[in-house]
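Side-chain atoms are counted along with the backbone in the values below, which use heavy atoms only and exclude waters and symmetry mates. In what follows, chains carry the letters A, B, and so on, assigned in the order in which the sequence lines appear, proteins first and then strands, with residues in each chain numbered from 1. Everything numeric in this text was worked out from a predicted model, so none of it was measured.
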Number of protein chains: 2
Amino acid sequence: MSKTTPLDAAEQSIRLTGAKLTRPRVLVLSVLLKSERALTHHEVESRLPAGSDVNRVTIYRVLEWLTEQGLAHKIAGEDRVWRFNAAAHQHTGPHAHFECSDCGQVLCLEPVQAKPAVRLPAGFRQQAVELTVKGVCADCGPVHGKSRGHGRHQH
Amino acid sequence: MSKTTPLDAAEQSIRLTGAKLTRPRVLVLSVLLKSERALTHHEVESRLPAGSDVNRVTIYRVLEWLTEQGLAHKIAGEDRVWRFNAAAHQHTGPHAHFECSDCGQVLCLEPVQAKPAVRLPAGFRQQAVELTVKGVCADCGPVHGKSRGHGRHQH
DNA sequence: CCTATTTTTGCAATTGAGTTGCATTTATGG
DNA sequence: CCATAAATGCAACTCAATTGCAAAAATAGG
Ligand SMILES: [Mn+2]
Ligand SMILES: [Mn+2]
Ligand SMILES: [Zn+2]
Ligand SMILES: [Zn+2]
């Protein structure tokens, strides 16, 4: 019994949507599946197999499409850049996010128990509550960081 | 005894920073002080007194400067646009934000009591927790909305 | 007041993520 | 294999925000 590769998993998930199974879709989704953390458009692009030669616009469109299909999760960061992770990585139900204030990396965290109720002004309707923990990630940490946490670096 | 106008208040706050008291700084801060909700760069620009003739870049720089001085509060929204409100409007200590998923408007909410602790991966350091309530504001609300809540309108 | 020195401001050009229009290619059903 | 709808590639574009640099204030000192 051979293991299911991210590529197989991606292909499988895309088939289930009923839409066309295309190379860009499979490649992009399998990149997301291989990553622990949420990836920017650029990170996805650079992690595609060498020579894949998928157009940047197509990557944008595929990421958007994956999100619509519920196969990916789209997260807004402080740096005005969208990040995506495979929805398979998500826990069902509401969960919190971690955002590194140094490198910008975003991570999905364990589901939170106490969803604190907030009082809204009259006429306002609540749809969802988002909890984001800001802090410094392990790589950027001041003590054991690989490349010292100053200067907005990327990993 | 005449009331303290937002203009006076702005002038006063800026004097206390020790930096130069300039027209753009006073005007921009007093616009923020007059607003209940967080304003985008464009909203600030359009609310400046007619004929103020402050350069857009200067508005960007003043907003950034006010934030550094602790006189304003800078908020990132889903629409990749920064919003600012006068820090005077803020409650001391942590508070939640409301973001309208239709028009994008951002509001500071009352301080939240139960700040739920989240478990972070090893090596990660927590600095702050942000709570954002997503929903529909009174203006965009489906029932009594002035201009029906569809199509990403501005107010 | 004046003037010197230091900030700020204005303007033009630039960045960078993301989007759009349209022609071409590709997946898939028959 | 073919028809056809759907997806992709490419170039141009949008739009918030930033940068470099010269011109214009603000204030400290005389
Ligand atoms: Mn998530
Ligand atoms: Mn706030
Ligand atoms: Zn980091
Ligand atoms: Zn609204």
Nucleotide N/O to protein N/O under 3.5 Å, stretch nucleotides 21-28 of chain D:
{"unit_1": "D:dA26", "atom_1": "N3", "unit_2": "B:K20", "atom_2": "NZ", "d": "3.0"}
{"unit_1": "D:dT27", "atom_1": "OP1", "unit_2": "B:L21", "atom_2": "N", "d": "2.9"}

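Atom CG in A:D79 sits about 15 Å away from atom C1' in D:dT18, given to the nearest Å. Between the CD1 atom of A:I59 and the P atom of D:dC10 there is a distance of 12 Å, given to the nearest Å. In this structure, A:E68 places its CD atom 14 Å from C1' of D:dA6, rounding to the nearest Å. To the nearest angstrom, P of D:dA6 lies 13 Å from CD of A:Q69. Atom CG in A:L66 sits roughly 10 Å away from atom P in D:dT8 (whole-Å rounding). Spacing between atom CZ of B:R80 and atom P of D:dT14 amounts to 16 Å, rounded to whole angstrom units.
Toward the 5′ end of DNA chain D lies the nearest nucleotide of A:V62, the other residue of the pair A:V62 and B:V81 mapping further downstream. The 5' end of DNA chain C is approached more closely, in terms of each residue's nearest nucleotide, by B:R25 than by the other of A:K74 and B:R25.
The side-chain hydrogen bond (donor to acceptor under 3.5 Å, both in side chains) check on A:Q69 picks up nothing, with sequence neighbours excluded. Scanning for salt bridge (Lys or Arg N to Asp or Glu O under 4.0 Å) contacts around A:E11 gives A:R15, with sequence neighbours left out. Residues forming a side chain to side chain contact (heavy atoms under 4.5 Å, CB included) with B:P6 (at least two apart in sequence, or on another chain): B:S30, B:L33, B:K34. When the salt bridge (Lys or Arg N to Asp or Glu O under 4.0 Å) test is applied to B:E64, the partners found at least two apart in sequence or on another chain are B:K74. B:K20 is linked by a side chain to side chain contact (heavy atoms under 4.5 Å, CB included) to B:T22, B:R25, counting only residues two or more places apart in sequence or in another chain. With sequence neighbours left out, the side chain to side chain contact (heavy atoms under 4.5 Å, CB included) criterion links B:T5 to B:L7, B:D8. Legend: residues meeting salt bridge (Lys or Arg N to Asp or Glu O under 4.0 Å) with B:E78, ordered by chain and number and at least two apart, are B:K134.
Here the closest heavy-atom approach between residue A:N85 and residue A:A38 is recorded as CB-CA, 3.9 Å.
Comparing the axis of the opening five pairs of the helix from C:dC1-D:dG30 to C:dG30-D:dC1 with that of the closing five pairs yields an angle of 30°, rounded to 10°.
Of the residues in residues 46-57 of chain B, those with a non-hydrogen atom less than 4.0 angstrom from any atom of DNA chain D are B:R56, B:V57.
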Open item on the list: Between A:L29 and A:S13, does the side-chain contact (heavy atoms from CB on, under 4.5 Å) criterion hold? Intermediate values first, please.
Closed with: CA-CA 9 Å; A:L29 180 52; A:S13 297; 4.0 Å; yes
Identify each donor-acceptor pair in which a side-chain atom of residues 55-63 of chain A lies under 3.5 Å from a protein atom, sequence neighbours left out, and give them as a table.
{"unit_1": "A:N55", "atom_1": "OD1", "unit_2": "A:V57", "atom_2": "N", "d": "2.8"}

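Between A:R37 and A:E43 there is a salt bridge, with a side-chain nitrogen of the basic residue lying less than 4.0 Å from a carboxylate oxygen of the acidic one.
Heavy atoms from other residues, nucleotides or ligands lying under 6.0 Å from CD of B:Q126 number more than 12.
The line from CZ of A:F84 to OG of A:S35 is 13.0 Å long, rounded to the nearest 0.5 Å.
Distance alone, capped at 3.5 Å, places no donor-acceptor pair between the A:R47 side chain and the A:V31 backbone.
If you walk DNA chain C from 5' to 3' and mark each nucleotide with an atom closer than 4.0 Å to a heavy atom of chain A, the marks span C:dA17 to C:dT28.
Side-chain nitrogen and oxygen atoms of B:H42 include at least one within less than 4.0 Å of the OP1 or OP2 phosphate oxygen of D:dA16.
Using a 4.0 Å heavy-atom cutoff across all strands shown, A:W65 reaches no nucleic acid atom at all.
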